[in-house]
Amino acid sequence: MAATGTAPAAAQKLPVAKAINSSLRTALENDPKVLVMGEDVGKLGGVFRVTDGLQKDFGEDRVIDTPLAESGIVGTAIGLALRGYRPVVEIQFDGFVFPAYDQIVTQLAKMHARALGKIKLPVVIRIPYGGGIGAVEHHSESPEALFAHVAGLKCVSPSNASDAYWMMQQAIESDDPVIFFEPKRRYWDKGEVDPSAIPAPLHSAQVARQGSAVTVAAYGPMVKVCLEAAAAAEEEGNSLEVVDLRSMSPIDFDTVQRSVEKTGRLVLVHEAPVFLGTGAEIAARITERCFYHLEAPVLRVGGFHAPYPPARLEDEYLPNLDRVLDAVDRALAY
């Protein structure tokens, strides 16, 4: 079925959710092999309305409502990719991905190597992740480290509308499987999206704010918190450089290194638990690379090593401006 809607032709301000919707629309228009599939992605348009209107415009054969069976959804996407399609799968909530974990790590991640490079699986798995929306159990997880640890998977997370639009395009174009972590509490944050812009490479980190005293690096939902912390620190006379990592696998260590060589200090921030989180790998690598530049230990701010709490307690669990600034103060105290 031909599309009746169009992707944005000129720069406009969009919420993150709408930016992803526009990106999916562009991909569906440009490549008949692109499919969107998942629970309630069609008629409902997804629980966050990220896929709103796509089934109406592209038909049920390309925007597919699936049964409630995550393992089956991912397994079907693998089969479709083997037949030349580019499926974009939605896992409705972060905590629902684990029934599909076996398919993802034993099949999707390994097929290319198993076939000695002769088989490609261009599958994108969209996972709305993180807390901050007052949800019930299994709806606020941050499982990115579990996937970043697996060779054969790429893992990315945008922090703003422009990156959400362009990184989705790049993920769909990738011949390797990409786990696309969408920060659900940022779905309603607006930003400018310019479809004519030249995007940064998918796995490159970007300096979101220049600074000189401390590097603060984050991805996804925590970038906004870090930018707010940098603005607050400036009022106290401290200059923070904020690095938006954007990709958790692979990680752009070079950009982080350049920043740390300038500031001498690094604070890493993510919603996921600090224990064995993505920040641990970055801390180790930067300590190795920048040992003689560091003026303080690399510090980490994140969730606690405990199950995600009930909604009424999540503000105590999630890293916030004060916890980031506390880590900055500790780094500067050395």
Side-chain angles (χ1 to χ4, degrees), residues 1-7 20-43 45-46 50-51 53-92 97 99-127 147 150-156 164-182 195 199 201-203 247 249-250:
M1 179 177 180
T4 58
T6 58
I20 297 171
N21 177 285
S22 297
S23 186
L24 292 170
R25 180 178 296 279
T26 298
L28 287 161
E29 289 175 347
N30 292 343
D31 186 350
K33 292 293 187 180
V34 172
L35 307 174
V36 173
M37 54 193 295
E39 299 163 8
D40 298 319
V41 300
K43 289 182 172 63
V50 174
T51 54
L54 296 182
Q55 189 180 79
K56 176 176 67 71
D57 291 341
F58 294 94
E60 296 181 4
D61 291 338
R62 296 193 63 201
V63 181
I64 304 163
D65 280 317
T66 67
L68 306 184
E70 286 78 11
S71 181
I73 296 168
V74 174
T76 300
I78 292 170
L80 286 164
L82 288 169
R83 299 293 293 175
Y85 290 92
R86 291 183 176 270
V88 182
V89 169
E90 177 183 299
I91 301 295
Q92 198 168 73
V97 72
Y101 194 71
D102 177 45
Q103 290 277 15
I104 294 170
V105 303
T106 64
Q107 305 299 337
L108 185 63
K110 293 180 172 60
M111 188 71 74
H112 183 68
R114 186 183 300 147
L116 302 178
K118 296 178 181 178
I119 292 175
K120 301 182 186 301
L121 291 180
V123 176
V124 176
I125 299 180
R126 296 178 43 240
I127 304 179
F147 295 91
V150 178
L153 298 177
K154 295 179 176 180
C155 301
V156 300
Y165 178 84
W166 283 113
M167 290 170 71
M168 178 59 74
Q169 292 283 306
Q170 294 165 317
I172 294 171
E173 292 169 0
S174 172
D175 285 333
D176 298 310
V178 179
I179 314 296
F180 197 93
F181 288 96
E182 300 173 6
L202 177 60
H203 300 292
S247 176
S249 181

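Nothing fancy with the numbering, it's 1 onward along the sequence. The structure presented is a predicted model; accordingly, all values stated were derived computationally and were not measured.
By the 4.5 Å heavy-atom criterion applied to side chains, Ile104 and Ile179 are counted as neighbours. Between Met167 and Leu202 the shortest side-chain heavy-atom distance falls below 4.5 Å. A 4.5 Å side-chain heavy-atom check between Lys154 and Ser174 finds at least one atom pair inside the cut-off.
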| field | Step-by-step side chain to side chain contact (heavy atoms under 4.5 Å, CB included) determination, Leu28 to Val36 | value | CA-CA 8 Å; Leu28 287 161; Val36 173; 4.1 Å; yes
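Expressed to the nearest 0.5 Å, how far OG of Ser23 lies from CH2 of Trp166 amounts to 8.0 Å. To the nearest 0.5 Å, atom OG1 of residue Thr26 and atom CD of residue Glu29 are 5.5 Å apart. Once rounded to the nearest 0.5 Å, the distance linking CD1 of Ile172 with NZ of Lys33 reads 16.0 Å. Expressed to the nearest 0.5 Å, how far CZ of Phe180 lies from CE of Met168 amounts to 4.0 Å. Rounding to the nearest 0.5 Å gives a distance of 10.5 Å between CD of Gln92 and CZ of Arg126. Atoms CD and CG, on Gln55 and Asp61 in that order, are 9.5 Å from each other to the nearest 0.5 Å.
Arg86 and Glu173 are not joined by a salt bridge, as no carboxylate oxygen comes within less than 4.0 angstrom of a charged side-chain nitrogen. Electrostatic pairing of Asp57 and Arg62 does not count as a salt bridge here, judged by no charged N lying under 4.0 Å from a carboxylate O.
Closest heavy-atom contact between Cys155 and Ser247: O-OG, 3.4 Å. Contact record, Met37 with Thr76: CE-CG2, 3.9 Å, taken as the closest heavy-atom pair. Closest of all the heavy-atom pairs between Gly46 and Thr51 is N-OG1, 3.4 Å. Closest approach of Gly42 to Val63, counting heavy atoms only: CA-CG1, 4.2 Å. Residues Ala164 and Ile20 approach most closely at CB-CG1, 3.7 Å, considering heavy atoms. Of all the heavy atoms in Pro67 and Ile73, the pair that sits closest is O-CD1, 3.7 Å.
A donor-acceptor contact shorter than 3.5 Å links the side chain of Asn21 to the backbone of Val50. The backbone N or O of Ile127 lies less than 3.5 Å from no partner atom in the side chain of Glu182, so there is not a single donor-acceptor pair. Using a distance-only test at 3.5 Å, with no hydrogens or angles considered, a donor-acceptor pair links the side chain of Asp65 to the main chain of Val41.
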Compile the donor-acceptor pairs under 3.5 Å between side chains in residues 111-124 and protein atoms, sequence neighbours left out, one pair per line.
from	atom 1	to	atom 2	distance (Å)
His112	ND1	Ile119	O	2.8
Arg114	NH1	Gln107	OE1	3.1
Arg114	NH2	Thr106	O	2.6

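Side-chain contact of Glu39 with Thr66: a donor-acceptor pair under 3.5 Å is absent, judged by distance alone. Of the N and O atoms on the side chains of Ser71 and Tyr101, not one donor lies less than 3.5 Å from an acceptor on the other residue.
With a 6.0 Å radius and a threshold of 12 heavy atoms from other residues, nucleotides or ligands, Phe147 has its CZ atom above the threshold.
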